[in-house]
There are 2 protein chains.
Amino acid sequence: MEPVDHFRGFLKKNGLAFTSARAAILKGIVASRGHFDADALHEQLKRVGESLSCATVYRTLPLFVQSGIIKETLRSKGRARYEPAWGLEHHDHLECVACGRIIEFRDDELERLQDKVCQRHSFRPVEHRLGIRGYCSECGKKGT
Amino acid sequence: MEPVDHFRGFLKKNGLAFTSARAAILKGIVASRGHFDADALHEQLKRVGESLSCATVYRTLPLFVQSGIIKETLRSKGRARYEPAWGLEHHDHLECVACGRIIEFRDDELERLQDKVCQRHSFRPVEHRLGIRGYCSECGKKGT
DNA sequence: GATGAGATTGAGAATCACTCGCAAAATGGA
DNA sequence: TCCATTTTGCGAGTGATTCTCAATCTCATC
Ligand SMILES: [Mn+2]
Ligand SMILES: [Mn+2]
Ligand SMILES: [Zn+2]
Ligand SMILES: [Zn+2]
């Protein structure tokens, strides 16, 4: 199922309208593979000729999160960041503190162990975020 | 070694002064076992009769982080949160999305697996944060 | 396809956590 | 004690995000 169809369904189910602003923002999200923040998304849309108020971008992002089109991920420099999630498998992140690079990884055993921890505490997990900060292979060579 | 001694050493080594404001804030940190944010710390100090400017609290927290007295932890409601770290072992967190409770856990195998992930990517880790959000045992009973 | 109730938008004001600038006060080595 | 250096308080400034509200758009229904 295409993200746009899923999103239309989500909106209808909640009595919300599928507006041109929302269509444009969705296009922007799909176009930008990778992590982004509200401002970057807004800029990209401007570049493509879509001029939306930034309030609209901010207001709309939560709808995309709720519908599962995107996920909120680790925030950076005081800004909330997001990444596409529709049809993509969960993963966690390595963040280079030197160059800012973000490396994605998935480790099934890590996921399994987290579930075990939750069971041990009778905790029903909904989502988790693991961010490991350090030096990527490139920056590791140069630095200390 | 007591935190206050460690902190004095840290300050001296960096040409900084051990002021009464810093002493008071340290006392506040030690007193408040558990997670706290800048505002809560400021309020607590006020309650004990210490009246510091909140700018001073904000300015001082990074010193405690750098010296290893506290750690920054998962932020909540838009505020940076901290927890005592001096002499305490690293751990991660379960956060109840219903009641806000925070459950701490430590899992050595989870830590080991993270190191393996880093090796696999030639990544030198500095710190990591794992936060699992979901329903605690109490809230799990009531809810869906 | 016209209508209207209800949802959405743009623009700017408002929030809120946090940071800055600066003059006055505190610190600590000599 | 003296003074170069650091700190502090206060208020103003930031920057991301949210709110207000009048004007505009959607879409189920006619
Ligand atoms: Mn990612
Ligand atoms: Mn903790
Ligand atoms: Zn790097
Ligand atoms: Zn709970």
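Naming: A, B, ... by sequence-line order, numbering from 1 per chain.
- The aromatic rings of A/His6 and A/Trp86 lie parallel to each other, with less than 30° between the two planes, well short of the 60° mark.
- Rounding to whole angstrom units, CZ of residue B/Arg79 and P of C/dT15 are separated by 16 Å.
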Any protein N or O atoms within reach of nucleotides 8-13 of chain D? Criterion: under 3.5 Å, listing atom names and distances.
from: D/dT8; atom 1: OP1; to: B/Thr19; atom 2: OG1; distance (Å): 2.8
from: D/dG9; atom 1: OP2; to: B/Ser53; atom 2: N; distance (Å): 3.1
from: D/dG9; atom 1: OP2; to: B/Thr56; atom 2: OG1; distance (Å): 2.3
from: D/dG9; atom 1: N7; to: B/Arg59; atom 2: NH2; distance (Å): 2.7
from: D/dG9; atom 1: O6; to: B/Arg59; atom 2: NH1; distance (Å): 3.4

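- Taking 4.0 Å as the cut-off between side-chain N and carboxylate O, B/Lys71 and B/Glu83 do not count as a salt-bridged pair.
- Salt-bridge formation is detected for the pair B/Arg79/B/Asp39: a Lys NZ or Arg NE/NH1/NH2 atom is positioned less than 4.0 Å from an Asp or Glu carboxylate oxygen.
- Ring geometry for B/His93 versus B/His91: interplanar angle over 60°, hence perpendicular rather than tilted (30 to 60°).
- At whole-Å resolution of the value, CZ in B/Phe18 and P in D/dT7 are 13 Å apart.
- One interatomic measurement links the two molecules: CD of A/Glu50 to C1' of C/dT9, which rounds to 14 Å at whole-angstrom precision.
- A straight line from CG of A/Leu63 to P of D/dT26 spans 16 Å, rounded to a whole angstrom.
- For the pair B/Arg75 CZ and D/dA16 P, the computed distance is 13 Å after rounding to whole Å.
- Between A/Tyr58 and D/dT17, a side-chain N or O to OP1/OP2 separation shorter than 4.0 Å is present.
- Residue pairs satisfying the salt bridge (charged side-chain N to carboxylate O under 4.0 Å, His left out) criterion with at least one member in residues 4-29 of chain B, sequence neighbours excluded, are absent.
- Remark on DNA chain C: of its neighbouring residues B/Ala38 and B/Leu16, the 5'-side contact belongs to B/Ala38, judged by nearest-heavy-atom nucleotide.
- Checking D/dA16, C/dG28, D/dT26 against every side-chain atom of B/Ala17, the shortest atom distance belongs to C/dG28.
- When each of B/Arg81 and A/Gly15 is assigned the nucleotide of DNA chain C bearing its nearest heavy atom, the one mapping closer to the 5' terminus is A/Gly15.
- A donor and an acceptor atom, one from each side chain of A/His35 and A/Glu104, are located under 3.5 Å apart.
- Rounded to whole Å, atom C1' of D/dT14 lies 15 Å from atom CG of A/Asp39.
- We find that CD of A/Glu43 is positioned 11 Å from P of D/dA16, with the value rounded to whole Å.
- A/Lys12 comes within 4.0 angstrom of the backbone, heavy atoms only, and of no base.
- Here the side chain of A/Thr56 pairs no donor or acceptor atom with the backbone of A/Leu52 at under 3.5 angstrom.
- The distance between atom CG of B/Leu61 and atom C1' of C/dT19, rounded to the nearest whole Å, is 13 Å.
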